[in-house]
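Chain letters run A, B, ... following the sequence lines, proteins first and then strands; every chain starts at 1.
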Number of protein chains: 2
Amino acid sequence: MASITIIDIAKMCGVGVTTVSRAINNHPDISEETKAMIMKVIKENHYVPNNSARNLKRSASKTIAVLIKGITNPFFNRMIKVFDKEIQRKKYSFILQRVDDNQDEIEVAIELEKEKRLKGIVFLGGNFSHAKDKLEQLTVPFVLSTIGMTPGYEPHEYSTVSVDDFKESYKMVDYLCKLGHRKIAIITASMADVSIGRLRYEGYKQALEDNGLELNEKLVGRMKENIESYSMENGYVVTKELLESGEDFTALFAVSDSLAVGACKAIFESGKSVPEDYSVAGFDGLDITFYYNPSITTIRQPVEEIAEETIKVLYDLINKKITHAHKVFPAELIVRKSTIEPSR
Amino acid sequence: MASITIIDIAKMCGVGVTTVSRAINNHPDISEETKAMIMKVIKENHYVPNNSARNLKRSASKTIAVLIKGITNPFFNRMIKVFDKEIQRKKYSFILQRVDDNQDEIEVAIELEKEKRLKGIVFLGGNFSHAKDKLEQLTVPFVLSTIGMTPGYEPHEYSTVSVDDFKESYKMVDYLCKLGHRKIAIITASMADVSIGRLRYEGYKQALEDNGLELNEKLVGRMKENIESYSMENGYVVTKELLESGEDFTALFAVSDSLAVGACKAIFESGKSVPEDYSVAGFDGLDITFYYNPSITTIRQPVEEIAEETIKVLYDLINKKITHAHKVFPAELIVRKSTIEPSR
DNA sequence: TTGTACGCGTTATCAA
DNA sequence: TTGATAACGCGTACAA
């Protein structure tokens, strides 16, 4: 069944296509009555404009795209809601694009920019280590949200909005140290990681050092490559190994809340308890840390603020008010039931 | 900066646009060397075809779309992965479209169908109560996945793949009854719900009846409209009310796992414990039910199978092997630590 | 094997 | 306030 087009509508109304187009797009130069008449015919015939044709013709649409790598992350859900709200408030429309783990987000972005005539792009998640010439193909402004600074780039070449992963991670480990823990294990990203996993690990190292503790490689758990990263399962498996290694520790810092949940489970299964035998701390501030039993000590990222600021920066970029920006938000250490003083 | 087009490439290569098009789309009628040469030029100039133009021109693309209402649901994440895999296996491409809570998924579908020349559509989540004439505007086959039968439609008018929400819910409540519970509370959808929330509630009622128990309206908790549906927070708030109402119960059946987690938290905060004071059961089979402390008894939906079958049905629909189908998968009662015999 | 020319459905330009 | 018409960038008959 051939779809009905703008031409069909024009014929049915006895007007030119231009007029129909005007009616659809709320153009000023059209009388109220012809517009009403046209809209009525459109409704009756269920005419829906073809977006491909619109995008093709339109020189610039007011749409911005959010590319997400790793949609699994519950952390992003709240951000998306804020994006949606903020973008609508600015009368822009909003496209959410999932980027597969084995897809290159920049390539997706380049394609999308042409297809949808984007005004701006937000990148969420992922490592973002890209060749420069690729990045230069992006002609619209973009913001890296909750993605740490990327080594190898000049700060003026891109914009970011995030927390200081190093500092916040330091804060947490320092808190554990001050609590009296001297054997603090960590679950972090694989060696290759250059993004937040690395930064949080560095914070851990520095905090240990500043507290006069030596780094014990045996207490550094790395996420499994073959299991979904930052997942509960990964935390579970790595903690099991840590526990079975025989290397003693009294506290465990997981670089994400989901990892922390998995860690708790592993500890329970070994017949031990949290926090009596092991203190466990997470990072991100997911809802589950509040609902878990025991509730989990974590670093709460100000998700809403980060999302809002991301959009704000993007608009400033679009309107050329700025050329780049690196906004850093403070995160909050939330002490809950999963961490206490060491018993041994 | 004006984007580079296929014409530019043709000129640079000294060939016609057709030839370039052939190179891009792997058409047979082109010599290997010219193709290689063209591809090289394309690479060097970072030429990316404009998708809008392609979609506009293409009569039919091999793409299918998955529309999700309520992307928050972690339940869908695993399904999406399977969709992705299965669709790629059939050499189709795959679009994920998030549908806002206040958006009409059918309207989104209609628009998308035209824009992308879809071959088929999968609807995930939502209530799916739509006027018939709207549904008829969809000219491509579609499948409702994990969405229960919708009253008001003839079974041959649409296709579904899901579990039998009524039966599985019955199974869970029956299990609780057999355990000896006689005061079983439920957290379910609001009265208005016509979808899974309703079906699961009906299963609850029937199981009570068959076990000689009377329905106590005071033990029926309804999700709050102003809080995200099926969320931990909703379960938490509703359970608090239930607890404070003074109406005694020994078991609580939450119609989703997230609700169950929230319920457990509320119980802990009241100074009681799970399962000693209250047995708690969920529904869906999310990972968190395994990782929670105590682990939560649930009904595990065979997510992967459902997703696979959804795609299979959709392809059969596309290839006109069938006109409609209603596949129902059995779900599994997984008994964990959160449910025991009543202590009172 | 290659190239020319037209059309996909829409919006912008310009003239009426 | 309207309408004819030229793009937008690509794929594909059809001709060469």
Side-chain angles (χ1 to χ4, degrees), chain A residues 1-39 41-42 45-63 110-118 139, chain B residues 1-39 41-42 45-63 110-118 139:
Chain A
M1 158 188 148
S3 240
I4 178 169
T5 79
I6 197 174
I7 299 178
D8 301 319
I9 297 291
K11 279 182 190 153
M12 298 169 85
C13 295
V15 300
V17 288
T18 315
T19 312
V20 178
S21 177
R22 285 195 182 106
I24 298 170
N25 299 299
N26 279 342
H27 269 269
D29 288 348
I30 183 171
S31 74
E32 274 307 321
E33 44 185 339
T34 45
K35 178 171 169 180
M37 183 268 280
I38 291 171
M39 291 314 274
V41 174
I42 286 178
N45 295 75
H46 307 300
Y47 163 67
V48 177
N50 183 313
N51 264 323
S52 288
R54 299 182 111 171
N55 290 327
L56 182 57
K57 184 59 198 173
R58 259 200 275 261
S59 43
S61 72
K62 288 182 75 170
T63 96
I110 294 170
E111 208 170 307
L112 209 60
E113 180 191 328
K114 298 200 179 183
E115 176 177 349
K116 303 284 189 175
R117 317 281 177 171
L118 298 180
T139 60
Chain B
M1 158 190 148
S3 237
I4 176 170
T5 78
I6 197 174
I7 300 179
D8 299 319
I9 297 293
K11 279 182 189 152
M12 297 170 87
C13 296
V15 302
V17 288
T18 315
T19 314
V20 178
S21 177
R22 286 196 182 110
I24 297 170
N25 300 300
N26 280 342
H27 268 268
D29 288 349
I30 183 171
S31 73
E32 274 307 319
E33 44 185 340
T34 47
K35 178 172 170 181
M37 183 265 281
I38 291 171
M39 292 313 274
V41 175
I42 286 179
N45 295 76
H46 306 303
Y47 164 67
V48 178
N50 182 313
N51 263 324
S52 288
R54 299 182 112 173
N55 290 328
L56 184 56
K57 184 61 199 177
R58 261 200 275 262
S59 45
S61 72
K62 289 183 73 171
T63 97
I110 293 170
E111 209 171 306
L112 209 59
E113 179 190 328
K114 298 200 179 183
E115 177 177 348
K116 304 286 190 176
R117 317 281 178 172
L118 298 180
T139 60

Sugar-phosphate or base contact per nucleotide [nucleotides 9-16 of chain C; S, B, -; heavy atom under 4.0 Å]: BBBBBB--
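Just one of B:Thr5, B:Ile7, B:Ile9 meets the side chain to side chain contact (heavy atoms under 4.5 Å, CB included) condition when paired with B:Val17; it is B:Ile7.
In this structure a side-chain-to-backbone donor-acceptor pair under 3.5 Å is present from B:Arg117 to B:Leu56. Looking only at distances, a side-chain donor or acceptor of B:Asn25 sits under 3.5 Å from a matching main-chain atom of B:Ser21.
The nearest whole Å value for the distance from the NZ atom in A:Lys11 to the P atom in D:dT2 is 20 Å. Distance, A:Lys116 NZ to D:dC8 C1': 16 Å, rounded to whole Å. Taking atom NZ on A:Lys114 and atom P on D:dG9, their separation rounds to 10 Å, with Å as the unit. Distance B:Asn55 CG to D:dC8 C1': 14 Å, rounded to the nearest Å. Between the P atom of C:dC8 and the CG atom of A:Asp8 lies a distance of 11 Å, rounded to the nearest Å.
Scanning for salt bridge (Lys or Arg N to Asp or Glu O under 4.0 Å) contacts around B:Lys114 gives an empty result, with sequence neighbours left out.
If you check the side chains of A:Glu115 and A:Asn55, you find no donor sitting under 3.5 Å from an acceptor. Between the side chains of B:Lys35 and B:Asn26, a donor-acceptor pair is found at a separation under 3.5 Å.
Dashed line: the shortest gap from a side-chain N or O of B:Thr19 to OP1 or OP2 of C:dT1 is not under 4.0 Å.
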